[in-house]
Novice: 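Encoded as structure tokens, here's the structure I'll be asking about.
From a predicted model like this one, the values you see are computed outputs, not experimental measurements.
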Amino acid sequence: MIRTSEVTEVIEVTDADFDTEVLSADRPVLVEFTADWCGPCRQLAPVLSAVAGEEADRLKVVRLDVDRNPEVTARYAGLSMPTLLVFRAGEPVAQMVGARPKRRLLQELEGALA
């Protein structure tokens with residue numbers, strides 16, 4: 001994947017690369033536990049893309065499909081989708097459940113990024 005400062009995509013992670021992409025990351029990581037059938041997850045997608053672009057220096061944003069990645073889902077996610085977890089230094093430091101507007105998400109992330 002080509003990464004530029006102009007285009008920052010929300011990266012898809014899997015059971016196979018979760019530890020490398022999230023737990024070993026050099027900055028905090030926001031993980032969205034999502035599913036194709038989840039309406040609120042679709043609502044949240046453009047918000048996460050915007051946050052990924054605006055906060056690229058401070059935060060990595062990834063998504064994990066709960067139906068295709070049962071191991072990580074069982075380890076971290078609750079039963080509600082979307083579940084958002086912020087990881088720092090390999091540990092979950094914040095959790096949010098449900099879709100939310102960008103302003104609210106950024107406010108909630110501020111504590112985890114400080």
Side-chain angles (χ1 to χ4, degrees):
M1 171 183 217
I2 298 172
R3 297 173 200 236
T4 68
S5 59
E6 296 167 6
V7 177
T8 305
E9 294 182 34
V10 176
I11 302 163
E12 188 89 24
V13 296
T14 66
D15 282 346
D17 64 6
F18 183 86
D19 289 359
T20 302
E21 290 290 334
V22 176
L23 303 183
S24 299
D26 61 351
R27 62 189 185 274
V29 182
L30 173 63
V31 180
E32 178 197 21
F33 291 84
T34 186
D36 291 338
W37 46 262
C38 171
C41 300
R42 287 191 295 276
Q43 290 177 328
L44 191 58
V47 172
L48 292 178
S49 293
V51 169
E54 292 174 20
E55 298 293 334
D57 293 343
R58 300 191 314 154
L59 180 70
K60 179 178 182 178
V61 180
V62 303
R63 88 174 27 106
L64 181 117
D65 185 296
V66 298
D67 293 326
R68 293 192 293 263
N69 298 284
E71 291 173 29
V72 172
T73 300
R75 197 176 349 161
Y76 295 108
L79 298 176
S80 299
M81 295 304 130
T83 293
L84 303 171
L85 283 178
V86 179
F87 288 81
R88 187 172 36 207
E91 295 295 324
V93 296
Q95 178 176 352
M96 297 152 273
V97 176
R100 60 225 329 108
K102 184 174 85 168
R103 177 182 290 177
R104 180 172 162 211
L105 178 59
L106 289 171
Q107 288 171 342
E108 292 172 328
L109 288 172
E110 218 30 68
L113 298 179

Novice: I need the Phe33 CZ to Asp65 CG distance, nearest 0.5 Å.
Specialist: 11.5 Å

Novice: Could you grab the distance from atom CZ of Arg58 to atom CG of Leu109, nearest 0.5 Å is fine?
Specialist: 8.5 Å

Novice: Can you name the side chain to side chain contact (heavy atoms under 4.5 Å, CB included) partners of Glu71, sequence neighbours left out?
Specialist: Asp15

Novice: Applying disulfide (SG to SG under 2.5 Å), which residue pairs with at least one partner in residues 56-114 are found, sequence neighbours left out?
Specialist: none

Novice: According to the side chain to side chain donor-acceptor pair (under 3.5 Å) rule, which pairs have a member within residues 33-45, sequence neighbours left out?
Specialist: Trp37-Asp67

Novice: Give the table of side-chain donor-acceptor pairs shorter than 3.5 Å for residues 73-81, with sequence neighbours excluded, one pair per line with atom names and distance.
Specialist:
| from | atom 1 | to | atom 2 | distance (Å) |
| --- | --- | --- | --- | --- |
| Thr73 | OG1 | Asn69 | O | 2.7 |
| Arg75 | NH1 | Asp19 | OD1 | 3.4 |

Novice: Ignoring hydrogens and angles, write down the donor-acceptor pairs under 3.5 Å from the side chains of residues 85-102, residues two or more places apart or on other chains.
Specialist:
| from | atom 1 | to | atom 2 | distance (Å) |
| --- | --- | --- | --- | --- |
| Arg88 | NH1 | Ala112 | O | 2.4 |
| Arg88 | NH1 | Ala114 | O | 3.3 |
| Arg100 | NE | Glu108 | OE1 | 2.5 |
| Arg100 | NH1 | Val97 | O | 3.3 |
| Arg100 | NH1 | Gly98 | O | 2.4 |
| Arg100 | NH2 | Glu108 | OE1 | 3.4 |
| Arg100 | NH2 | Glu108 | OE2 | 3.3 |
| Lys102 | NZ | Glu54 | OE2 | 2.5 |

Novice: For residues 50-114, pull every pair meeting disulfide (SG to SG under 2.5 Å), keeping only residues two or more places apart or in separate chains.
Specialist: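 Of all non-adjacent pairs touching residues 50-114, none passes disulfide (SG to SG under 2.5 Å).
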
Novice: Determine which pairs satisfy disulfide (SG to SG under 2.5 Å) with at least one residue from residues 24-114, sequence neighbours left out, and list them in order.
Specialist: Cys38-Cys41

Novice: If every non-hydrogen atom of Val62 is compared with every non-hydrogen atom of Val29, which pair is closest and at what distance?
Specialist: CG2-CG1, 3.9 Å

Novice: Apply side-chain hydrogen bond (donor to acceptor under 3.5 Å, both in side chains) to Thr14 and list each qualifying residue two or more places apart in sequence or on a separate chain.
Specialist: Asp17

Novice: Quick check on side-chain contact (heavy atoms from CB on, under 4.5 Å): which of Val10, Leu84, Leu113 does Leu30 satisfy it with?
Specialist: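 Exactly one option meets the side-chain contact (heavy atoms from CB on, under 4.5 Å) with Leu30, and it is Leu84.
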
Novice: Does any pair with a residue in residues 73-114 pass disulfide (SG to SG under 2.5 Å), and if so which ones, sequence neighbours excluded?
Specialist: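 Checked against disulfide (SG to SG under 2.5 Å) - neighbours excluded - no pair reaches residues 73-114.
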
Novice: Looking only at atom types and distance, does a side-chain atom of Lys60 sit under 3.5 Å from a main-chain N or O of Glu21, one as donor and one as acceptor?
Specialist: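 Side chain of Lys60 to backbone of Glu21, a donor-acceptor pair under 3.5 Å: yes, one is there.
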
Novice: According to ring pair (Phe, Tyr, Trp, His ring centres under 6.0 Å), does anything in residues 92-114 pair up with another residue at least two apart or in another chain? List the pairs.
Specialist: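 Listed by first then second residue: nothing to list.
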
